[in-house]
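We name chains A, B, ... by the order of the sequence lines, and we start the count at 1 in each one. The shown structure was predicted, so the numbers you read here are calculated from the model rather than taken from an experiment. Scope of the values below: all heavy atoms of this structure, side chains included, with no hydrogens, waters or symmetry mates.
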There are 2 protein chains.
Amino acid sequence: MDAIDLNIIELLRGNARLSYAELARQVGLSAPAVHERVGKLESSGVIRAYRAEIEPESIGLGVTALIEIIEESAADTDDVLEAFRAIPEIESCYFMAGVESFLLKARVGTIGELEALIVRLNRTPGVASTRTGIALSTKWENRPQPVGTPPA
Amino acid sequence: MDAIDLNIIELLRGNARLSYAELARQVGLSAPAVHERVGKLESSGVIRAYRAEIEPESIGLGVTALIEIIEESAADTDDVLEAFRAIPEIESCYFMAGVESFLLKARVGTIGELEALIVRLNRTPGVASTRTGIALSTKWENRPQPVGTPPA
DNA sequence: TACAGTCCGTGGACGCGATCGACCTGAACA
DNA sequence: TGTTCAGGTCGATCGCGTCCACGGACTGTA
């Protein structure tokens, strides 16, 4: 992980469809060299995936909600997690410090679907209660920040 | 926006670096046809960007926090928003229904940096108070869900 | 200092993909 | 029925992805 790798990462975070030739020009290496570096970044897990970012409304997912989950004290966190993983509407899942164990970001098409989702979550074994906030609008999301210093 | 467009979108959400030729094979059209469809999806704003998803720890961003913002009653929401936009650590920004006006997702390298960020947020004109939750771990994030029915 | 091994790069070659233009087809409509 | 247009295919060209052989810098060892 040197400065050139960070440079490549930053370029691919901005545009994942850049060609190797273009990357090579921008970082000052040959295309095969960049190709090999990217391959290593992928197989070492630094680059997890390449994703197209889609305007959610256009694919019928106009409602964004953030849902905090409070577990029952006797709950098995792994089981709860597996139950959440099986729910496709849950786009992101964070395990939090504090009273609420999980914060979920979910996207659905309608308020009705959100209601069904919340009911389903509350019925999930291990879930004591939920608290839902609705995002009226997403100002921005997953904006890449300039890469800082990698860990020592 | 027909079924083929949705198919293309789903494929690109799974892997944004698929070649047009490969997309064409999978959706059953010729490569130029797919090229044109993707171009239209991009220029109409359905496809917003193509991003490489990076393991945050490897670029020195090991601390994820979710920060709720309560605005002062007299605050100008647009000004607050612009102030937030200028802070690179804020990856996502949602305008919420409820007492808390904003929910921010931020990523920093250390707890010290998080402290500095929270101080900065609290000093921002228009911000009355903040409430921060720290993500101990990210179970998953931005998982694409199968595309549903587009809006009528 | 000389030598060998390793890492990481370059340059060349070749086949495939991106992309352009010409042409085709079916639907909508006067 | 004829016209127009959207949206597709096909073919050609050019550049890119990718494989391979080769070379230079660095390092540890005699």
Side-chain angles (χ1 to χ4, degrees), chain A residues 1-61 142 144 146-152, chain B residues 1-61 142 144 146-152:
Chain A
M1 264 299 256
D2 59 6
I4 293 181
D5 280 338
L6 288 175
N7 202 344
I8 291 173
I9 286 172
E10 186 140 6
L11 290 166
L12 286 175
R13 286 220 291 180
N15 179 6
R17 278 182 81 81
L18 284 178
S19 68
Y20 291 115
E22 184 58 32
L23 283 171
R25 273 188 287 273
Q26 301 213 23
V27 304
L29 288 181
S30 64
V34 171
H35 186 255
E36 182 167 347
R37 278 172 178 265
V38 171
K40 284 180 184 171
L41 289 171
E42 289 170 358
S43 58
S44 69
V46 173
I47 297 178
R48 287 208 193 116
Y50 303 98
R51 299 203 182 289
E53 195 183 298
I54 306 297
E55 190 197 29
E57 293 79 13
S58 62
I59 51 172
L61 296 174
N142 300 123
V147 294
T149 317
Chain B
M1 264 299 257
D2 59 7
I4 294 181
D5 280 338
L6 288 176
N7 202 343
I8 291 173
I9 286 172
E10 185 140 7
L11 290 166
L12 286 176
R13 287 219 292 178
N15 180 6
R17 279 182 81 81
L18 284 177
S19 67
Y20 291 115
E22 183 58 31
L23 283 171
R25 273 188 287 272
Q26 300 213 24
V27 304
L29 288 181
S30 65
V34 171
H35 187 256
E36 182 167 345
R37 278 173 178 262
V38 171
K40 284 181 182 170
L41 289 171
E42 289 170 358
S43 58
S44 69
V46 173
I47 297 179
R48 285 207 194 118
Y50 303 98
R51 299 203 182 287
E53 195 184 297
I54 306 297
E55 189 197 28
E57 294 79 13
S58 62
I59 51 172
L61 296 174
N142 300 125
V147 294
T149 317

(message) A:Arg13 vs A:Glu10, test: salt bridge (Lys or Arg N to Asp or Glu O under 4.0 Å). Steps then yes/no.
(response) CA-CA 5 Å; A:Arg13 286 220 291 180; A:Glu10 186 140 6; over 6 Å; no

(request) Calculate the interatomic distance between A:His35 atom NE2 and C:dG9 atom C1'; express it in whole Å. (result) 15 Å

(request) Kindly indicate whether the side chain of A:Arg37, heavy atoms from C-beta on, has any atom under 4.5 Å from the side chain of A:Ile8. (result) yes

(message) Under 4.0 Å from a heavy atom of chain A: give me the 5'-most and 3'-most nucleotides of DNA chain D that qualify.
(response) D:dC16 to D:dC19

(message) Less than 4.0 angstrom between a side-chain N/O of A:Arg37 and OP1 or OP2 of C:dG9, yes or no?
(response) yes

(request) Can you tell me the distance, in whole Å, between the OH atom of A:Tyr20 and the P atom of C:dG11? (result) 20 Å

(request) Evaluate the criterion salt bridge (Lys or Arg N to Asp or Glu O under 4.0 Å) for residue pair B:Arg48 and A:Glu55; output intermediate values, then yes/no. (result) CA-CA 6 Å; B:Arg48 285 207 194 118; A:Glu55 190 197 29; 5.0 Å; no

(request) Could you state the atom-to-atom distance from CG of A:Asp5 to C1' of C:dC8 in whole Å? (result) 12 Å

(request) Identify the two heavy atoms, one from B:Ala16 and one from A:Ala52, that lie closest to each other, and give their separation to 0.1 Å. (result) CB-N, 3.6 Å

(message) Between A:Arg17 and A:Lys40, which residue's closest nucleotide on DNA chain C lies nearer the 5′ terminus?
(response) A:Lys40

(message) What is the separation between atom CG on B:Leu23 and atom C1' on C:dT19, rounded to the nearest whole Å?
(response) 15 Å

(message) For B:Leu18 and A:Tyr50: C-alpha separation, side-chain torsions, deciding distance, then whether side-chain contact (heavy atoms from CB on, under 4.5 Å) applies.
(response) CA-CA 9 Å; B:Leu18 284 177; A:Tyr50 303 98; over 6 Å; no

(request) Grab the CD-P distance between B:Glu36 and C:dT19 for me, whole Å please. (result) 13 Å

(request) For B:Ser30, report the nucleic acid contact type (base, sugar-phosphate, nothing); a contact means any heavy atom under 4.0 Å. (result) base

(request) Could you tell me whether the side chain of B:Leu23 reaches within less than 4.5 Å of the side chain of B:His35, counting heavy atoms only? (result) no

